[in-house]
Amino acid sequence: QWYRNAEIKHSRLAMLAAAGWPLAELFHKNIASALDLKPLLAFQDRVPSVLNGGLSHISPTFWVAALAVAALAEAAVASEEKQSPGDLGFDPLGLAGIRPKQKHYMQEAELFNGRLSMLAITGFAIQEWWTQSSVVNDFPIFFKPLNVAFEQLLDAGGNSL
C-alpha cells in the first residue's frame, strides 16, 4: 500500500513536470519579465536540474517553501483514511469512473501515463546534459509552431533532429 501510494505521487508529479518542463523553457522569459524577475533559465535556456548544475541558481527561499508545502500536503493526506492508494476523494469532473471496472481502468491508465512521464523527465534531464541544449531547441517540431520549427531546422541544416 505504501509503495503504491509513493508510485502514484511520483507519477502525478512526473506528469506535471513532463508538461511543465517544455512550458518553462518556452515561456520563462516572458513570465519573468512580466513579473520583473530575473530569468532562472539564463544559461542556454535549460530548466535547472541535477545534471546541468542549475539547481544552485534557485533561491533557498523557494526550497524552504517547496518543502513546507510538500510536508503540509503529506500530513493532510496521511491524516485521511483512503479507500485505495492515491484516492484523495477529489474528482470534481467525475473522471475516475463510477463502476469498479471503470475505476480500475482509470487507475491503471494513470499509472501507465505516470510511469511514462517518469521516463520522459529522466530523458529530458539526460538529453539536456548530453547536448548542452534545451529540449525545446533540440526538438522544435514538437514544441514550437511549425513555421518557427521549420525555420530553425533549416537554419541548423536539419541537424536538430
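None of these values were measured; they are calculated from a predicted model.
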* Over 12 foreign heavy atoms within 6.0 Å of NZ, Lys103 -> no
* Output the distance between atom CG (Leu26) and atom CH2 (Trp21), rounded to the nearest 0.5 Å. => 13.5 Å
* Structure fact -> In short, Asn30 meets Ser33 closest at the heavy-atom pair O-OG, 3.0 Å
* Side-chain touch Ser11/Asn113, heavy atoms, less than 4.5 angstrom -> no
* Report the distance from atom CD1 of Ile121 to atom CG of Leu116, rounding to the nearest 0.5 Å. => 10.5 Å
* **NZ-CE distance between Lys101 and Met106, expressed to the nearest 0.5 angstrom** => 15.0 Å
* Consider only side-chain heavy atoms of I, L, V, M, F, W and Y, link residues closer than 4.5 Å, and tell whether Val136 and Leu23 are in one cluster. => yes
* **Nearest-0.5 Å distance that lies between atom OG in Ser117 and atom NE2 in His10** => 13.5 Å
* Under a 4.5 Å cut-off applied to non-hydrogen side-chain atoms, are Val135 and Pro22 in contact? -> no
* Asked: Can you hop from Ile8 to Tyr3 via hydrophobic side chains spaced under 4.5 Å?
  -> no
* Is the side chain of Gln102 donor-acceptor paired with the backbone N or O of Arg99 at a distance under 3.5 Å, no angle test? -> yes
* Asked: How long is the span from the CD atom in Glu25 to the CZ atom in Phe124, to the nearest 0.5 Å?
  -> 8.0 Å
* Out of curiosity, Leu72 CG to Leu67 CG, how far, rounded to the nearest 0.5 Å? -> 11.0 Å
* Given Ser134 and Glu128, is the side-chain contact (heavy atoms from CB on, under 4.5 Å) satisfied, shown in steps? -> CA-CA 6 Å; Ser134 70; Glu128 286 192 357; 4.0 Å; yes
* **For the student: nearest non-hydrogen atoms of Glu7 and Met118, plus distance** => O-CE, 4.2 Å
* To do: For the pair Arg4 and Leu111, evaluate side-chain contact (heavy atoms from CB on, under 4.5 Å) and give the outcome as yes or no after the intermediate values.
  => CA-CA 10 Å; Arg4 182 52 61 108; Leu111 277 176; 2.9 Å; yes
